[in-house]
Amino acid sequence: MDLALLLGDFTVRSVALGAGLVGLVAGALGSFAVLRRQSLLGDTLSHAALPGIALGFLISGTRALTPILLGALLSGALAALLVLLLTRATRLKDDAALGISLSLFFAVGTVLLTYAQRHAGAAQAGLDAFLFGQAAAVLPSDLTLIGGVGLVALLALALLWKEFKAVTFDPDFARSLGLPVLALEVALTVLIAVAVVIGLQLVGVILMVALVVAPAAAARQWTRRLEAMVVLAALFGAASGVAGALVSASVRGLATGPVIVLAATAFVAVSLLFAPGRGLLWGLAHAHARRRTLGSHRVLVDLLRLGQDHRDPAYASEQGMLDTYFGGRTGDVLRRLRRRGLVERVDHMPEEGAHWVLTPAGQAQARELLVPFGGRQERDA
Amino acid sequence: VTALLQGWLDTPSLTIVAIGALVGIAATLLGTFLVLRRESMLSDAISHSVLLGIVGAYLLTGALDTPWHLVGAALAGLGTVALTDLLVRSRRVKQDAAIGLVFPAMFAAAVLLINLYARDVHLDTDAVLLGEIAFAWLDVVQVGGLEVARSLLTMLAIAAINLAFVLLLYKELKLATFDPALAIALGLRPGLIGYALLGLVSVTAVGAFDAVGAILFVAFVIVPPAAAYLLTDRLGRMLAYGSGIAVASSVAGYLFARAYDVSVGGSMASATGVFLLLAVAFGPKHGLIARALRRRAPLPPPTPPVRATGGGRP
């Protein structure tokens, strides 16, 4: 189906808008989760929403989104509390605490979900859609709710910006300023839980963690400033959401959540490879350039020392010998040096192969290179 | 004897509980080391991403239930770990974020492949997540004149492999877990042992898929060892207690699920949580009550401070 037709469809347009907003909020708040090294808390929060979803349905008896989201938020918060309790009160470490909380809440969730399906007619209500997310199951009224809650979360982030920034980067400093650090950390966790919860219907409990982590991790590659990172992460998240909703709407039977997650992952891959300065390709290019410089420096110094050892600054060294000194092929390095006028090629006899001599400029440069190591380092002196 | 054995095998409740117990034991044997190595969340990552291995094996061979399943799953599991390591070592992403990036991507790819190419086969994403242990006894194979549930047989084999792995490499595992530096000094390869461990976790995850599903498998990997960790300081006992808790959870979970007509796998996994809470409260040395009592008890008489002699400090 072509894009114009797709965008003309009211349902598709509103779902794309909703997914974009979900990605926007998750990206912005996810930045804090990633910077605070709490990415996996997002995983626990989203899996732990399952019992809340089932309970919200069981208590309200309808598929209305408000009680379901409230239930999800509550069980997410309880799961975060359990993590805190296990790490503070027992000798279990945070990885075990996160895993315990995640798997136990999910287990209770499946029990409640099956109970709801077998006893309360939830099978028709399509609670399964919350596992992987299904754009088709989203109603216009749901989108209004998702959008409203998302905007409130963003507003809270904007109002408490300075405080959250201080708590994230330097909790001790924040405490010395008299900020209520614990309360702010709890508020931040709750906001992250809100971001997770509003995405559940579109992305699903299993994969929501990716929308929290991936846009933030991608944005981190492009900038060192929090402001820019949050804005970029929000943009990446929004773009992933919109792209995912459109693609899954155009191919029949494609779940929305996985497509959104793969779009967000693509942003991460591109950012990791190409982000200026931090990108891996830039790193590789940089390392290659450094290796080249180092290689040419070593060959220059080798030539100088061979000359010194033979008491003849213009000593012609055989290329094979240089290879041995260098521990590899020197041909490319030597040709580059010749282009810069630092060495010259001399051929004694054809069967002896290439010989190389330092030009006066090359000698000067090689001596220059040895200055930091105590000058000329005459080995025969 | 054969008739008696067949009688047991034909009892669905016994088969289901036995499968659950075997999943629990197989998972606990490996999970003990994961919890001690602070790699618990890798089991979560692996249990999700093995789905990609299973789907890949299905798309390549065109059949489910082939040994390629296990190979694909092991590759996908180890791939997750290797990719996470690679991201961490590139120093562009911290470890927690790296885990959170890799497994959702692999899981998402697997779900989409199922959506696109394997819609009509029995590779239901819900079943993979939640498991269908309640129907496991329907799928039987003939072994030596006996009809045995396929899952029971698979899990028996996997549990035996895991037990052999732990028993044969007990010393190596212990050393690699508690003192990797010494392990290297002694010429062992703790990295290799770690990969073997995670490879077995992947294989066990696949076996457990049919029974309890991907995420409930994580409960069996982490929770019984964590509970056992609060009960004892000795590795051998931790393995034994954890296995005991896993077996007890299967029985209790099954009875609960029967009584309330809910998910069997979910109940079994939830039951492990009850045992964890008991351990948190009543653990003999590390439990909350024991700690509170110790705090109340009168302090032992203060030992005279040891004077530093010849410490060189003026």
Review point. Which bit of Ala217(A) is near chain B, if near means a heavy-atom gap under 4.5 Å: side chain, backbone, both or neither?
Key: side chain

Exercise for review: Flag the one option from Leu41(A), Asp43(A), Leu112(A) with the top tally of heavy-atom pairs under 4.5 Å to chain B.
Suggested key: Asp43(A)

Point to revise | Residues, nucleotides or ligands: over 12 heavy atoms within 6.0 Å of Phe282(B) CZ | key: no

Practice item. Might you work through the side chain to side chain contact (heavy atoms under 4.5 Å, CB included) test for Gln221(A) and Val93(B), ending with a clear yes or no? Key: CA-CA 9 Å; Gln221(A) 310 308 320; Val93(B) 182; 4.0 Å; yes

**Study point:** Audit row: Leu116(B), Val251(A), side chain to side chain contact (heavy atoms under 4.5 Å, CB included) steps and yes/no
**Key:** CA-CA 9 Å; Leu116(B) 287 174; Val251(A) 182; 4.1 Å; yes

**Study point:** Non-hydrogen side-chain atoms of Ser103(A) and Val223(B) separated by less than 4.5 Å
**Key:** yes

Review point. What is the minimum heavy-atom distance between Asp95(A) and Ser40(B), and which atoms define it?
Key: OD2-OG, 2.6 Å

Check your understanding: If you look at every heavy atom in Ala97(B) and Val34(A), which pair is closest and at what distance?
Key -> CB-CG1, 4.4 Å

Point to revise | Atom of Ile100(A), atom of Ala226(B) and distance for their closest heavy-atom approach | key: CD1-CB, 3.5 Å

Review point. Taking all non-hydrogen atoms of both residues, which atom of Lys93(A) and which atom of Tyr229(B) are closest, and how far apart?
Key: NZ-OH, 3.6 Å

Revision key, fill the gap. dist Gln38(A):CD -> Asp96(B):CG (nearest 0.5 Å) comes out at 8.5 Å

Point to revise | Side chain / backbone / both / neither for Leu98(A) at chain B, heavy atoms under 4.5 Å | key: both

Revision key, fill the gap. Of all heavy-atom pairs linking Arg291(B) and Arg91(A), the shortest is NH2-N, 3.9 Å

Review point. Given that the side chain runs from C-beta out, which part of Glu39(B) has a heavy atom under 4.5 Å from chain A: side chain, backbone, both or neither?
Key: backbone

Review point. Which answer fits Phe103(B), side chain, backbone, both or neither, if we ask what part of it has an atom under 4.5 Å from a heavy atom of chain A?
Key: side chain

Practice item. Would you mind checking which part of Arg91(B) comes under 4.5 Å of any heavy atom in chain A, side chain (CB onward), backbone (N, CA, C, O), both or neither? Key: backbone

Check your understanding: To the nearest 0.5 Å, how far apart are CG in Leu262(A) and CE in Met106(B)?
Key -> 11.5 Å

Practice item. Flag the one option from Thr90(A), Val212(A), Val209(A) with the top tally of heavy-atom pairs under 4.5 Å to chain B. Key: Thr90(A)

Point to revise | Partners meeting ring-ring contact (aromatic ring centres under 6.0 Å, His included) with Tyr260(B) (sequence neighbours left out) | key: Phe256(B)

Practice item. Rounded to the nearest 0.5 Å, what's the gap from CG on Leu113(A) to OG on Ser263(B)? Could you check? Key: 9.0 Å

Practice item. Please tell me if the side chains of Leu272(A) and Leu87(B) come closer than 4.5 Å, counting only heavy atoms from C-beta onward. Key: yes

Exercise for review: Would you mind checking which part of Leu42(B) comes under 4.5 Å of any heavy atom in chain A, side chain (CB onward), backbone (N, CA, C, O), both or neither?
Suggested key: neither

Check your understanding: For Leu104(A) and Gly273(B), which heavy atoms make the closest approach, and how far apart are they?
Key -> CD1-CA, 3.4 Å

Check your understanding: How many angstroms lie between NZ in Lys94(B) and OG in Ser39(A), if you round to the nearest 0.5 Å?
Key -> 10.0 Å

Revision key, fill the gap. Okay, Val261(A) and chain B: the region with an atom under 4.5 Å from a heavy atom over there is side chain

Review point. Under a 4.5 Å heavy-atom cut-off, does chain B meet the side chain of Val111(A), its backbone, both or neither?
Key: both

Study note, to complete from the structure: Listed by number, the residues in residues 23-34 of chain B that come under 4.5 Å of chain A (heavy atom to heavy atom) are Leu34(B)

Practice item. Start with the C-alpha distance between Thr265(A) and Leu101(B), add both sets of side-chain angles, then the distance that settles side chain to side chain contact (heavy atoms under 4.5 Å, CB included), and finish with yes or no. Key: CA-CA 7 Å; Thr265(A) 307; Leu101(B) 285 171; 6.0 Å; no

Exercise for review: Report the option among Ala271(B), Gly283(B), Pro104(B), Ala269(B) that has the most heavy-atom pairs separated by less than 4.5 Å from atoms of chain A.
Suggested key: Pro104(B)

Revision key, fill the gap. dist Ile222(B):CD1 -> Leu92(A):CG (nearest 0.5 Å) comes out at 10.5 Å

Exercise for review: Would you mind checking which part of Asp261(B) comes under 4.5 Å of any heavy atom in chain A, side chain (CB onward), backbone (N, CA, C, O), both or neither?
Suggested key: both

Check your understanding: Checking heavy atoms, do the side chain of Leu85(A), its backbone, both or neither come under 4.5 Å from chain B?
Key -> neither

Point to revise | Spacing of Ser267(B) atom OG and Tyr115(A) atom OH [to the nearest 0.5 Å] | key: 12.5 Å

Review point. Take atom CD in Glu185(A); do more than 12 heavy atoms of anything else shown fall under 6.0 Å from it?
Key: yes

